[in-house]
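When a residue number appears, it is its place in the shown sequence, counting from 1. Since this is a predicted model, take the numbers as computed values, not measurements.
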Amino acid sequence: MKIPVFDLKRQYKYLKTELDNAFANVFESGNFVLGENVRLFEEEFANYLGAGFAVGVGSGTEALHLSLKACDIGPGDEVITVPNTAVPTISAISFAGARPVLVDVTPDTYTIDTKKIEKKITDKTKVIMPVHFYGHSAEMEQIIKLAEAHNLKIVEDACQAHGAQYNGKNVGTLGNMGCFSFYPTKNLGAYGDGGIVVTNDEELYNKLIMLRNYGEVKKFTSKIEGFNSRLDEIQAAVLRVKLKHLDTWTTRRREIATQYQQLLFNSNVQLPSERQWAKHVYHLFVIRTNKRDALKDYLQERGVGTHIHYPIPIHFQEAYEKLGYKTGDFPISERNAGEILSLPIYPELTTEEVEEVAGLITEFQNKDL
(Lines give C-alpha, C1' and ligand atoms only; values in the text may rest on other atoms or scores of the structure.)
Protein backbone atom coordinates (compact mmCIF):
# COMPACT_ATOMS: atom_id res chain seq x y z
CA MET A 1 0.00 0.00 0.00
CA LYS A 2 1.43 3.38 -1.08
CA ILE A 3 0.49 6.14 1.36
CA PRO A 4 1.97 9.54 0.49
CA VAL A 5 2.53 12.11 3.22
CA PHE A 6 0.44 14.56 1.12
CA ASP A 7 -1.89 13.78 -1.78
CA LEU A 8 -3.46 16.82 -3.41
CA LYS A 9 -4.74 14.79 -6.37
CA ARG A 10 -7.40 13.16 -4.19
CA GLN A 11 -8.74 16.54 -3.16
CA TYR A 12 -8.84 17.81 -6.74
CA LYS A 13 -10.81 14.76 -7.89
CA TYR A 14 -13.35 15.41 -5.13
CA LEU A 15 -13.71 19.11 -6.03
CA LYS A 16 -13.09 18.83 -9.79
CA THR A 17 -16.46 20.14 -10.99
CA GLU A 18 -16.50 23.08 -8.58
CA LEU A 19 -12.90 24.00 -9.32
CA ASP A 20 -13.17 23.66 -13.08
CA ASN A 21 -16.18 25.99 -13.04
CA ALA A 22 -14.26 28.48 -10.90
CA PHE A 23 -11.29 28.40 -13.29
CA ALA A 24 -13.55 28.91 -16.30
CA ASN A 25 -15.31 31.88 -14.71
CA VAL A 26 -11.99 33.62 -14.08
CA PHE A 27 -10.74 32.99 -17.61
CA GLU A 28 -14.01 34.21 -19.11
CA SER A 29 -13.94 37.37 -16.98
CA GLY A 30 -10.55 38.40 -18.38
CA ASN A 31 -9.64 39.86 -14.97
CA PHE A 32 -6.70 38.22 -13.24
CA VAL A 33 -5.40 40.74 -10.68
CA LEU A 34 -7.30 42.29 -7.74
CA GLY A 35 -10.73 41.49 -9.14
CA GLU A 36 -14.04 40.28 -7.80
CA ASN A 37 -12.79 36.90 -6.53
CA VAL A 38 -10.11 38.52 -4.38
CA ARG A 39 -12.59 41.00 -2.93
CA LEU A 40 -15.16 38.32 -2.17
CA PHE A 41 -12.63 35.89 -0.74
CA GLU A 42 -11.27 38.58 1.57
CA GLU A 43 -14.80 39.18 2.85
CA GLU A 44 -15.56 35.48 3.20
CA PHE A 45 -12.32 34.65 5.00
CA ALA A 46 -12.68 37.61 7.38
CA ASN A 47 -16.24 36.50 8.14
CA TYR A 48 -15.13 32.91 8.64
CA LEU A 49 -12.63 33.98 11.30
CA GLY A 50 -14.73 36.74 12.81
CA ALA A 51 -12.22 39.42 11.80
CA GLY A 52 -13.05 42.93 10.67
CA PHE A 53 -10.83 43.02 7.60
CA ALA A 54 -8.68 40.80 5.38
CA VAL A 55 -6.06 41.63 2.75
CA GLY A 56 -5.01 38.98 0.23
CA VAL A 57 -1.27 38.96 -0.54
CA GLY A 58 1.29 36.93 -2.48
CA SER A 59 2.25 34.37 0.18
CA GLY A 60 2.27 33.62 3.89
CA THR A 61 5.80 35.04 4.06
CA GLU A 62 4.57 38.28 2.53
CA ALA A 63 1.63 38.35 4.93
CA LEU A 64 4.13 38.41 7.80
CA HIS A 65 6.46 40.86 6.05
CA LEU A 66 3.74 43.37 5.18
CA SER A 67 2.27 43.10 8.66
CA LEU A 68 5.62 44.11 10.13
CA LYS A 69 5.92 46.97 7.66
CA ALA A 70 2.41 48.10 8.62
CA CYS A 71 3.71 48.33 12.19
CA ASP A 72 6.61 50.50 10.93
CA ILE A 73 9.16 47.84 11.83
CA GLY A 74 12.63 48.45 10.41
CA PRO A 75 16.36 48.40 11.09
CA GLY A 76 17.25 48.44 14.78
CA ASP A 77 13.96 46.83 15.81
CA GLU A 78 13.61 43.35 17.31
CA VAL A 79 10.87 40.78 16.77
CA ILE A 80 10.46 37.88 19.20
CA THR A 81 9.63 34.47 17.73
CA VAL A 82 10.70 30.81 17.92
CA PRO A 83 13.69 28.78 16.64
CA ASN A 84 11.74 25.71 15.50
CA THR A 85 9.69 27.48 12.84
CA ALA A 86 10.03 27.39 9.06
CA VAL A 87 12.63 29.76 7.66
CA PRO A 88 9.94 31.98 6.03
CA THR A 89 8.91 33.28 9.47
CA ILE A 90 12.44 34.57 9.92
CA SER A 91 12.73 35.72 6.30
CA ALA A 92 9.77 38.04 6.84
CA ILE A 93 11.49 39.64 9.82
CA SER A 94 14.69 40.05 7.79
CA PHE A 95 12.75 41.56 4.86
CA ALA A 96 11.50 44.24 7.25
CA GLY A 97 15.08 44.97 8.30
CA ALA A 98 14.54 43.84 11.90
CA ARG A 99 16.41 41.30 14.04
CA PRO A 100 14.75 38.01 15.03
CA VAL A 101 15.07 37.28 18.75
CA LEU A 102 14.43 33.62 19.51
CA VAL A 103 12.61 32.05 22.45
CA ASP A 104 12.44 28.28 23.01
CA VAL A 105 9.18 26.34 22.89
CA THR A 106 7.14 24.12 25.20
CA PRO A 107 7.84 20.37 25.10
CA ASP A 108 4.24 19.39 24.35
CA THR A 109 2.71 21.98 21.98
CA TYR A 110 5.94 23.10 20.25
CA THR A 111 4.69 26.70 20.54
CA ILE A 112 6.51 29.58 22.21
CA ASP A 113 7.17 29.14 25.94
CA THR A 114 5.48 32.23 27.35
CA LYS A 115 7.45 31.96 30.60
CA LYS A 116 10.65 32.67 28.66
CA ILE A 117 9.50 35.70 26.66
CA GLU A 118 9.83 38.57 29.12
CA LYS A 119 13.54 38.20 29.74
CA LYS A 120 14.10 38.57 25.98
CA ILE A 121 12.24 41.90 25.81
CA THR A 122 14.49 44.95 25.40
CA ASP A 123 13.94 48.59 24.47
CA LYS A 124 14.41 47.48 20.85
CA THR A 125 11.59 44.93 20.97
CA LYS A 126 8.59 46.03 18.94
CA VAL A 127 6.66 42.85 18.07
CA ILE A 128 5.95 39.38 19.45
CA MET A 129 5.33 36.91 16.63
CA PRO A 130 3.91 33.67 18.08
CA VAL A 131 3.73 30.73 15.69
CA HIS A 132 0.61 28.56 15.99
CA PHE A 133 2.60 25.45 15.21
CA TYR A 134 1.32 22.35 13.41
CA GLY A 135 -2.25 23.63 13.91
CA HIS A 136 -2.12 24.18 17.70
CA SER A 137 -2.52 27.65 19.18
CA ALA A 138 0.17 29.37 21.16
CA GLU A 139 -0.82 30.44 24.68
CA MET A 140 -2.16 33.84 23.71
CA GLU A 141 -3.46 35.19 27.05
CA GLN A 142 0.02 35.58 28.50
CA ILE A 143 1.38 36.94 25.22
CA ILE A 144 -1.34 39.60 25.15
CA LYS A 145 -0.56 40.58 28.75
CA LEU A 146 3.13 40.94 27.94
CA ALA A 147 2.40 42.95 24.81
CA GLU A 148 0.14 45.33 26.72
CA ALA A 149 2.64 45.72 29.57
CA HIS A 150 5.52 46.55 27.22
CA ASN A 151 3.57 48.40 24.49
CA LEU A 152 4.31 45.78 21.84
CA LYS A 153 2.41 44.68 18.77
CA ILE A 154 1.38 41.04 18.19
CA VAL A 155 1.62 39.58 14.69
CA GLU A 156 0.31 36.01 14.74
CA ASP A 157 1.95 33.50 12.41
CA ALA A 158 -1.11 31.36 11.77
CA CYS A 159 0.22 29.93 8.51
CA GLN A 160 -0.38 26.36 9.76
CA ALA A 161 -3.54 27.07 11.73
CA HIS A 162 -6.57 27.86 9.57
CA GLY A 163 -9.56 27.50 11.90
CA ALA A 164 -7.52 26.70 15.02
CA GLN A 165 -8.85 28.27 18.19
CA TYR A 166 -7.68 29.64 21.52
CA ASN A 167 -10.38 29.71 24.21
CA GLY A 168 -13.06 29.57 21.52
CA LYS A 169 -11.62 32.40 19.41
CA ASN A 170 -10.02 31.86 16.02
CA VAL A 171 -6.28 32.34 15.96
CA GLY A 172 -5.24 35.24 13.79
CA THR A 173 -7.88 37.47 15.40
CA LEU A 174 -6.27 37.70 18.85
CA GLY A 175 -3.32 39.99 18.10
CA ASN A 176 -3.01 43.15 16.02
CA MET A 177 -2.74 41.11 12.82
CA GLY A 178 -2.96 37.45 11.89
CA CYS A 179 -1.13 35.94 8.93
CA PHE A 180 -2.11 32.86 6.93
CA SER A 181 -0.45 30.94 4.10
CA PHE A 182 -2.33 29.24 1.29
CA TYR A 183 0.58 27.10 0.13
CA PRO A 184 -0.98 24.04 -1.56
CA THR A 185 -0.42 21.61 1.34
CA LYS A 186 -2.02 23.87 3.97
CA ASN A 187 -5.42 22.97 5.47
CA LEU A 188 -6.78 25.66 3.16
CA GLY A 189 -4.45 25.62 0.17
CA ALA A 190 -4.33 27.31 -3.21
CA TYR A 191 -2.79 25.88 -6.38
CA GLY A 192 0.27 28.06 -6.05
CA ASP A 193 1.45 30.66 -3.57
CA GLY A 194 -0.93 32.91 -1.69
CA GLY A 195 -1.50 34.45 1.70
CA ILE A 196 -3.71 36.80 3.68
CA VAL A 197 -3.57 39.19 6.63
CA VAL A 198 -6.56 39.65 8.91
CA THR A 199 -7.01 42.48 11.38
CA ASN A 200 -9.66 44.35 13.35
CA ASP A 201 -7.74 47.63 13.03
CA GLU A 202 -9.01 49.75 10.14
CA GLU A 203 -5.87 51.90 10.08
CA LEU A 204 -3.65 48.83 9.70
CA TYR A 205 -6.03 47.47 7.06
CA ASN A 206 -5.78 50.63 4.96
CA LYS A 207 -2.01 50.59 5.25
CA LEU A 208 -1.86 46.92 4.17
CA ILE A 209 -4.01 47.67 1.13
CA MET A 210 -1.40 50.21 0.05
CA LEU A 211 1.63 48.11 0.99
CA ARG A 212 0.59 45.15 -1.17
CA ASN A 213 0.23 47.28 -4.30
CA TYR A 214 3.14 49.73 -4.64
CA GLY A 215 1.88 51.96 -1.83
CA GLU A 216 -0.91 53.20 -4.07
CA VAL A 217 -4.02 54.99 -2.83
CA LYS A 218 -5.25 54.98 -6.41
CA LYS A 219 -3.73 53.86 -9.69
CA PHE A 220 -0.35 55.46 -10.36
CA THR A 221 -0.49 57.42 -7.09
CA SER A 222 1.78 56.03 -4.36
CA LYS A 223 1.34 57.50 -0.89
CA ILE A 224 3.92 55.25 0.82
CA GLU A 225 6.70 52.94 -0.32
CA GLY A 226 5.04 49.63 -1.11
CA PHE A 227 5.53 46.25 -2.73
CA ASN A 228 4.03 43.97 -5.35
CA SER A 229 2.36 41.26 -3.26
CA ARG A 230 -1.13 40.47 -4.46
CA LEU A 231 -3.30 37.39 -4.21
CA ASP A 232 -4.31 36.68 -7.80
CA GLU A 233 -7.82 36.00 -9.07
CA ILE A 234 -7.26 32.34 -9.97
CA GLN A 235 -5.99 31.48 -6.49
CA ALA A 236 -8.78 33.49 -4.86
CA ALA A 237 -11.35 31.58 -6.93
CA VAL A 238 -9.82 28.27 -5.82
CA LEU A 239 -9.82 29.37 -2.19
CA ARG A 240 -13.45 30.48 -2.35
CA VAL A 241 -14.40 26.95 -3.43
CA LYS A 242 -12.26 25.29 -0.77
CA LEU A 243 -13.25 27.57 2.11
CA LYS A 244 -16.77 26.10 2.00
CA HIS A 245 -15.26 22.69 2.82
CA LEU A 246 -12.75 23.76 5.46
CA ASP A 247 -14.84 22.92 8.54
CA THR A 248 -15.65 19.47 7.17
CA TRP A 249 -11.96 18.89 6.43
CA THR A 250 -11.00 20.04 9.92
CA THR A 251 -13.46 17.60 11.45
CA ARG A 252 -11.95 14.79 9.38
CA ARG A 253 -8.39 15.77 10.35
CA ARG A 254 -9.38 15.65 14.00
CA GLU A 255 -10.98 12.22 13.48
CA ILE A 256 -7.77 10.92 11.91
CA ALA A 257 -5.74 12.39 14.76
CA THR A 258 -7.98 10.65 17.29
CA GLN A 259 -7.56 7.38 15.42
CA TYR A 260 -3.77 7.73 15.48
CA GLN A 261 -3.89 8.59 19.18
CA GLN A 262 -5.94 5.47 19.95
CA LEU A 263 -3.89 3.11 17.79
CA LEU A 264 -0.55 4.41 19.11
CA PHE A 265 -1.59 5.00 22.71
CA ASN A 266 0.55 2.15 24.05
CA SER A 267 3.49 2.81 21.76
CA ASN A 268 6.77 4.40 22.77
CA VAL A 269 6.38 7.41 20.49
CA GLN A 270 5.47 10.81 21.92
CA LEU A 271 2.06 11.79 20.52
CA PRO A 272 0.74 15.33 19.89
CA SER A 273 -0.89 17.21 22.76
CA GLU A 274 -3.96 19.40 22.74
CA ARG A 275 -4.27 21.85 25.62
CA GLN A 276 -7.67 22.39 27.22
CA TRP A 277 -7.88 25.93 25.84
CA ALA A 278 -6.99 24.92 22.26
CA LYS A 279 -8.74 23.53 19.22
CA HIS A 280 -6.04 21.74 17.24
CA VAL A 281 -6.67 21.58 13.49
CA TYR A 282 -3.85 19.09 12.81
CA HIS A 283 -2.21 20.67 9.83
CA LEU A 284 0.42 18.10 10.75
CA PHE A 285 0.36 15.04 13.01
CA VAL A 286 3.83 15.06 14.52
CA ILE A 287 5.18 12.25 16.66
CA ARG A 288 8.52 12.19 18.45
CA THR A 289 10.96 9.32 18.92
CA ASN A 290 14.68 9.05 19.53
CA LYS A 291 14.76 6.49 16.70
CA ARG A 292 13.23 8.89 14.21
CA ASP A 293 15.56 8.31 11.27
CA ALA A 294 15.31 4.53 11.50
CA LEU A 295 11.51 4.72 11.74
CA LYS A 296 11.33 7.13 8.80
CA ASP A 297 13.39 4.73 6.67
CA TYR A 298 11.30 1.74 7.81
CA LEU A 299 8.06 3.46 6.78
CA GLN A 300 9.52 4.70 3.49
CA GLU A 301 10.63 1.20 2.54
CA ARG A 302 7.05 0.03 3.06
CA GLY A 303 5.45 2.75 0.99
CA VAL A 304 4.54 5.26 3.70
CA GLY A 305 5.65 8.85 3.15
CA THR A 306 6.68 11.01 6.09
CA HIS A 307 8.31 14.40 6.50
CA ILE A 308 10.30 16.36 9.08
CA HIS A 309 8.93 19.78 10.05
CA TYR A 310 11.66 21.03 10.55
CA PRO A 311 15.05 19.29 10.60
CA ILE A 312 17.28 22.34 11.19
CA PRO A 313 16.42 24.96 13.84
CA ILE A 314 16.82 28.59 12.78
CA HIS A 315 19.95 29.22 14.84
CA PHE A 316 21.67 26.26 13.13
CA GLN A 317 20.89 27.58 9.64
CA GLU A 318 23.98 29.00 7.95
CA ALA A 319 22.01 32.03 6.84
CA TYR A 320 21.31 32.97 10.46
CA GLU A 321 24.62 32.25 12.14
CA LYS A 322 24.92 36.03 12.38
CA LEU A 323 22.26 36.02 15.11
CA GLY A 324 24.97 34.75 17.43
CA TYR A 325 23.18 31.84 19.06
CA LYS A 326 25.00 28.62 19.95
CA THR A 327 24.25 24.96 20.59
CA GLY A 328 22.34 24.57 23.84
CA ASP A 329 20.60 27.94 23.72
CA PHE A 330 17.26 26.31 22.80
CA PRO A 331 17.39 22.74 24.13
CA ILE A 332 13.75 21.83 23.45
CA SER A 333 13.88 22.94 19.82
CA GLU A 334 17.27 21.29 19.33
CA ARG A 335 16.11 17.96 20.75
CA ASN A 336 12.89 18.03 18.77
CA ALA A 337 14.70 18.62 15.48
CA GLY A 338 16.32 15.19 15.84
CA GLU A 339 13.18 13.36 16.97
CA ILE A 340 10.07 14.75 15.22
CA LEU A 341 8.32 12.99 12.35
CA SER A 342 5.18 14.07 10.50
CA LEU A 343 2.82 11.24 9.58
CA PRO A 344 0.32 11.34 6.71
CA ILE A 345 -2.75 13.37 7.62
CA TYR A 346 -5.20 14.89 5.15
CA PRO A 347 -9.00 14.66 4.89
CA GLU A 348 -8.94 12.09 2.08
CA LEU A 349 -6.79 9.64 4.08
CA THR A 350 -8.82 6.49 4.73
CA THR A 351 -9.33 4.67 8.01
CA GLU A 352 -7.54 1.66 6.54
CA GLU A 353 -4.54 3.79 5.62
CA VAL A 354 -4.31 5.22 9.13
CA GLU A 355 -4.43 1.66 10.51
CA GLU A 356 -1.66 0.66 8.10
CA VAL A 357 0.61 3.52 9.20
CA ALA A 358 0.00 2.90 12.90
CA GLY A 359 0.47 -0.85 12.42
CA LEU A 360 3.84 -0.33 10.76
CA ILE A 361 4.98 1.93 13.61
CA THR A 362 4.00 -0.75 16.11
CA GLU A 363 5.70 -3.39 13.98
CA PHE A 364 8.89 -1.31 13.90
CA GLN A 365 8.90 -0.98 17.66
CA ASN A 366 8.33 -4.71 18.19
CA LYS A 367 11.21 -5.56 15.85
CA ASP A 368 13.39 -3.11 17.76
CA LEU A 369 12.77 -4.78 21.14
For this session: Determine, for Phe95 and Lys69, whether the Lys NZ or Arg CZ falls below 6.0 Å from the six-membered ring centre while staying within 45 degrees of the axis.
Result: no
Problem set entry | Val38 backbone acceptor or donor facing Glu233 side chain under 3.5 Å | yes
Exercise. Does the distance from a Lys or Arg side-chain N to an Asp or Glu carboxylate O, for Lys367 and Glu363, drop under 4.0 Å?
Worked result: no
Problem set entry | Main-chain N/O of Gly175 paired to Glu156 side chain as donor or acceptor, under 3.5 Å | yes
For this session: Verify whether the ring centers belonging to Tyr298 and Phe364 lie closer than 6.0 Å.
Result: yes
Exercise. Counting only N and O atoms by type, is there a donor-acceptor contact under 3.5 Å from the side chain of Gln317 to the main-chain atoms of Ile312?
Worked result: yes
Exercise. Can the ring centroids of His309 and Tyr134 be said to lie less than 6.0 angstrom from one another?
Worked result: no
For this session: Check whether any side-chain heavy atom of Phe41 lies under 4.5 Å from a side-chain heavy atom of Ile196, and answer yes or no.
Result: yes
Exercise. Does a side-chain N-to-carboxylate-O contact under 4.0 Å join Arg275 and Asp108?
Worked result: yes
Seminar exercise, completed: Residue pairs passing the ring-ring contact (aromatic ring centres under 6.0 Å, His included) test with at least one member in residues 332-362, sequence neighbours excluded, are none
Problem set entry | Side-chain (Glu274) to main-chain (His280) donor-acceptor, under 3.5 angstrom | yes
Problem set entry | Name of the residue among Asp123, Thr122, Ile121 meeting side chain to side chain contact (heavy atoms under 4.5 Å, CB included) with His150 | Ile121
For this session: Identify which one of Ile112, Thr89, Val101, Val103 satisfies the side chain to side chain contact (heavy atoms under 4.5 Å, CB included) criterion when paired with Thr81.
Result: Thr89
Exercise. Do you see a donor-acceptor pair shorter than 3.5 Å between the side chains of Tyr48 and Asp247?
Worked result: yes
For this session: Assess whether atom CG of Asn151 is packed by more than 12 heavy atoms of other residues, nucleotides or ligands within 6.0 Å.
Result: no
Exercise. Is it the case that more than 12 heavy atoms not belonging to Lys169 sit under 6.0 Å from its NZ atom?
Worked result: no
Seminar exercise, completed: Scanning both residues in full, the closest heavy-atom pair of Gly52 with Asn200 reads N-OD1, 2.7 Å
For this session: Give the C-alpha distance, both sets of side-chain angles, the deciding distance and a yes or no for salt bridge (charged side-chain N to carboxylate O under 4.0 Å, His left out) between Lys207 and Glu203.
Result: CA-CA 6 Å; Lys207 197 166 184 181; Glu203 183 178 347; over 6 Å; no
